[in-house]
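Below is one structure, written out as structure tokens; the observations come after it.
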Amino acid sequence: MIAMPGKSYNGTIPPLTEQEISLRDALQRDVEKLSGEIGERNFIQYQKLGEAADFLETSFQAAGYKVERQAYKIDDKF
């Protein structure tokens with residue numbers, strides 16, 4: 001058995017702050033977009049890879065990050 005450092009939390013979990021609620025909701029929207037709306041993405045569902053990449057690029061740019069794409073090749077597609 002592996003022992004974890006520190007102590008486990010014991011007690012009532014404090015309510016989420018407004019910022020934590022906002023982050024939770026944003027994460028849920030992103031997961032639903034990627035897993036539900038865009039769905040399965042792999043070399044067979046190649047178009048979906050592009051949709052996911054576009055969504056992530058837009059999301060990172062909206063958060064203020066500079067995005068640089070790295071090309072990859074799957075079955076002679078870039």
Side-chain angles (χ1 to χ4, degrees):
M1 184 167 166
I2 298 173
M4 296 297 292
K7 295 175 107 179
S8 294
Y9 184 81
N10 187 10
T12 304
I13 297 174
L16 297 176
T17 65
E18 286 189 33
Q19 183 181 17
E20 290 168 333
I21 291 169
S22 178
L23 288 171
R24 177 202 62 195
D25 294 345
L27 177 59
Q28 183 173 353
R29 283 190 303 273
D30 289 350
V31 169
E32 288 173 355
K33 173 79 172 183
L34 289 167
S35 66
E37 189 177 323
I38 294 174
E40 182 179 353
R41 52 208 178 270
N42 52 46
F43 72 97
I44 295 170
Q45 301 287 337
Y46 188 79
Q47 179 184 350
K48 300 290 187 170
L49 287 172
E51 289 179 38
D54 292 343
F55 170 72
L56 292 170
E57 180 177 21
T58 301
S59 296
F60 282 120
Q61 286 174 339
Y65 292 98
K66 180 182 175 193
V67 177
E68 250 182 75
R69 285 199 181 199
Q70 293 181 341
Y72 58 91
K73 184 176 176 183
I74 298 176
D75 288 341
D76 293 325
K77 298 177 186 175
F78 287 93

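Every value quoted in this text rests on a predicted model; they were computed, and no experiment measured them.
Not counting sequence neighbours, the partners of Asp54 by the salt bridge (charged side-chain N to carboxylate O under 4.0 Å, His left out) test are Arg69. Not counting sequence neighbours, the partners of Lys33 by the salt bridge (charged side-chain N to carboxylate O under 4.0 Å, His left out) test are Glu37.
Inter-residue side-chain proximity for Leu49 and Tyr46 is flagged as met; some heavy-atom pair is nearer than 4.5 Å.
Contact between Pro15 and Glu20 at its shortest, heavy atoms only, is O-OE1, 4.3 Å. Here the closest non-hydrogen pair linking Arg41 and Lys48 is CB-CB, 3.6 Å.
Within the hydrophobic cluster formed by Ile, Leu, Val, Met, Phe, Trp and Tyr side chains joined at under 4.5 Å, directly or through other members, Tyr9 is accompanied by Ile13.
Applying the side chain to side chain contact (heavy atoms under 4.5 Å, CB included) test between Leu56 and each of Val67, Asp30, Leu34 identifies Leu34 as the sole match.
Note: Glu68 CD to Glu57 CD = 10.5 Å, rounded to the nearest 0.5 Å.
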